[in-house]
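Here is the structure we will look at, set down as structure tokens.
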Amino acid sequence: MKILIRRCRFITEKEECYSISKFGKLTGLSPYTLRYYEREGLIIPQRDKNDRRYYTKQDIGWIGFLLHLKGTGMSMNEIKKYVELRAQGDNTISQRKELLQQVQTNSLSRINEMKMHLEVLNHKIDWYEGKLDHSISEEFADYLKRFE
């Protein structure tokens, strides 16, 4: 299978262009997902003279950032809002910063909650180990009280 990589005619730096399948391989996203992101307005691929999508290295960076936002638990509506604000230019920097700070706060809250859940899970594993080696005879609820 030949991978389509072209030199972009309309970009002065003669940057490489990637077909949707090659771009998908570079980003780890399926062409279906890329088309979905396009429909949602998150990415805007360029089009060649035959109306085929193509992407550049700059698009790889943008997708990477969108995936980081998604990885924080940011909702699709929040990501869309961020993209809309970004498209409006530098006069929305404070709004974008505020949005990202809210996402940061929410992410840290979820991380702390997950740490609490993992702590209980670790105690349960330790309790099972104690039950198996007969070093613990108490019930789990009583065992947990040791750590309060």
Side-chain angles (χ1 to χ4, degrees), residues 1-130 139-148:
M1 178 170 82
K2 191 173 185 179
I3 296 174
L4 180 61
I5 299 177
R6 295 174 283 206
R7 295 278 175 203
C8 299
R9 293 186 205 156
F10 306 109
I11 299 176
T12 57
E13 301 169 7
K14 297 235 177 193
E15 188 174 4
E16 287 184 357
C17 296
Y18 305 102
S19 67
I20 193 167
S21 61
K22 174 63 176 172
F23 189 68
K25 288 176 184 169
L26 291 170
T27 61
L29 299 173
S30 70
Y32 175 84
T33 300
L34 292 169
R35 287 185 197 100
Y36 170 73
Y37 283 5
E38 182 181 349
R39 281 192 308 275
E40 294 298 314
L42 303 181
I43 58 174
I44 304 170
Q46 298 180 54
R47 300 278 181 163
D48 67 13
K49 65 182 179 179
N50 297 318
D51 202 35
R52 287 183 295 218
R53 294 171 182 83
Y54 71 87
Y55 303 87
T56 65
K57 286 186 179 189
Q58 184 177 3
D59 295 319
I60 293 171
W62 176 240
I63 284 288
F65 183 68
L66 289 177
L67 293 175
H68 283 297
L69 294 179
K70 186 177 174 206
T72 66
M74 197 171 184
S75 72
M76 185 59 77
N77 285 337
E78 289 171 321
I79 293 172
K80 285 180 188 179
K81 180 66 176 173
Y82 180 86
V83 170
E84 289 170 12
L85 290 170
R86 179 179 177 262
Q88 294 173 30
D90 285 352
N91 61 329
T92 65
I93 286 176
S94 63
Q95 292 168 281
R96 285 182 271 165
K97 178 184 171 206
E98 188 176 307
L99 177 59
L100 293 181
Q101 285 174 323
Q102 183 60 51
V103 170
Q104 179 185 47
T105 299
N106 294 342
S107 294
L108 290 171
S109 177
R110 282 193 306 279
I111 288 169
N112 289 330
E113 184 178 347
M114 181 66 81
K115 284 180 179 179
M116 187 230 9
H117 293 310
L118 284 172
E119 185 177 334
V120 171
L121 183 71
N122 289 336
H123 290 313
K124 187 71 165 188
I125 291 168
D126 291 343
W127 182 77
Y128 281 138
E129 287 175 358
E139 294 299 316
F140 183 65
D142 294 327
Y143 175 78
L144 271 183
K145 290 179 183 174
R146 295 183 191 181
F147 306 100
E148 290 178 349

Practice prompt. Could you check if a side-chain atom of His123 sits within less than 4.5 angstrom of a side-chain atom of Arg146, using non-hydrogen atoms only?
Written response: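 Side chain of His123 against side chain of Arg146, heavy atoms only: no contact under 4.5 Å found.
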
Q.
A side-chain contact here means heavy atoms from C-beta on lying under 4.5 Å apart; do Leu144 and Glu148 qualify?
A. no

Q: Please name all residues satisfying side chain to side chain contact (heavy atoms under 4.5 Å, CB included) with Gln95, sequence neighbours left out, ordered by chain then number.
A: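 Gln95 satisfies side chain to side chain contact (heavy atoms under 4.5 Å, CB included) with Leu85, Thr92 once adjacent residues are dropped.
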
Taking all non-hydrogen atoms of both residues into account, name the closest pair between [X] and [Y] and its distance.
X	Y	answer
Arg96	Gly89	NH2-O, 3.0 Å
Met76	Tyr36	CE-CE2, 3.6 Å
Ile63	Tyr37	CD1-CD2, 4.1 Å
Leu42	Leu66	O-CD1, 3.7 Å
Gly73	Arg110	CA-NH2, 3.3 Å
Ile43	Trp62	CG2-CD1, 3.7 Å

Using atom types as modelled, flag every donor-acceptor pair under 3.5 Å from a side chain in residues 26-34 to any protein atom, sequence neighbours excluded.
| unit_1 | atom_1 | unit_2 | atom_2 | d |
| --- | --- | --- | --- | --- |
| Thr27 | OG1 | Phe23 | O | 3.0 |
| Thr27 | OG1 | Gly24 | O | 3.4 |
| Thr27 | OG1 | Leu29 | N | 3.4 |
| Ser30 | OG | Tyr32 | N | 3.4 |
| Ser30 | OG | Thr33 | N | 3.0 |
| Ser30 | OG | Thr33 | OG1 | 3.0 |

(message) Exactly one of Arg47, Lys22, Gln46 should register a side chain to side chain donor-acceptor pair (under 3.5 Å) with Tyr54. Which one does?
(response)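 The option that passes is Gln46.
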
Side chain to side chain donor-acceptor pair (under 3.5 Å) pairs touching residues 67-85, sequence neighbours excluded, are Glu40-Lys80, Ser75-Glu78

Candidate pair Ile93 and Asp90, rule side chain to side chain contact (heavy atoms under 4.5 Å, CB included), full reasoning: CA-CA 5 Å; Ile93 286 176; Asp90 285 352; 3.8 Å; yes

Measure from the side-chain N and O atoms of [X] to the backbone N and O of [Y], and report whether any donor-acceptor pair falls under 3.5 Å.
X	Y	value
Asn50	Arg52	no
Asn112	Ser109	no
Trp127	Ala141	no
Thr105	Gln101	yes

task: Before giving the answer on side chain to side chain contact (heavy atoms under 4.5 Å, CB included), spell out for Tyr18 and Asp59 the whole-Å C-alpha distance, their side-chain angles and the decisive distance to 0.1 Å.
output: CA-CA 10 Å; Tyr18 305 102; Asp59 295 319; over 6 Å; no

Spacing of [atom1] belonging to [X] relative to [atom2] belonging to [Y], to within rounding of 0.5 Å:
X	Y	atom1	atom2	result
Leu121	Met114	CG	CE	10.5 Å
Ile79	Arg86	CD1	CZ	13.0 Å
His117	Asn122	NE2	CG	13.0 Å
Gln104	Lys97	CD	NZ	10.0 Å

* **Heavy-atom neighbours of Ile44 CD1 exceed 12 at 6.0 Å** =>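 Check fails, neighbour count at 12 or below.
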
Could you go through the side chain to side chain contact (heavy atoms under 4.5 Å, CB included) check for Met74 and Leu100 one step at a time? CA-CA 9 Å; Met74 197 171 184; Leu100 293 181; 4.3 Å; yes

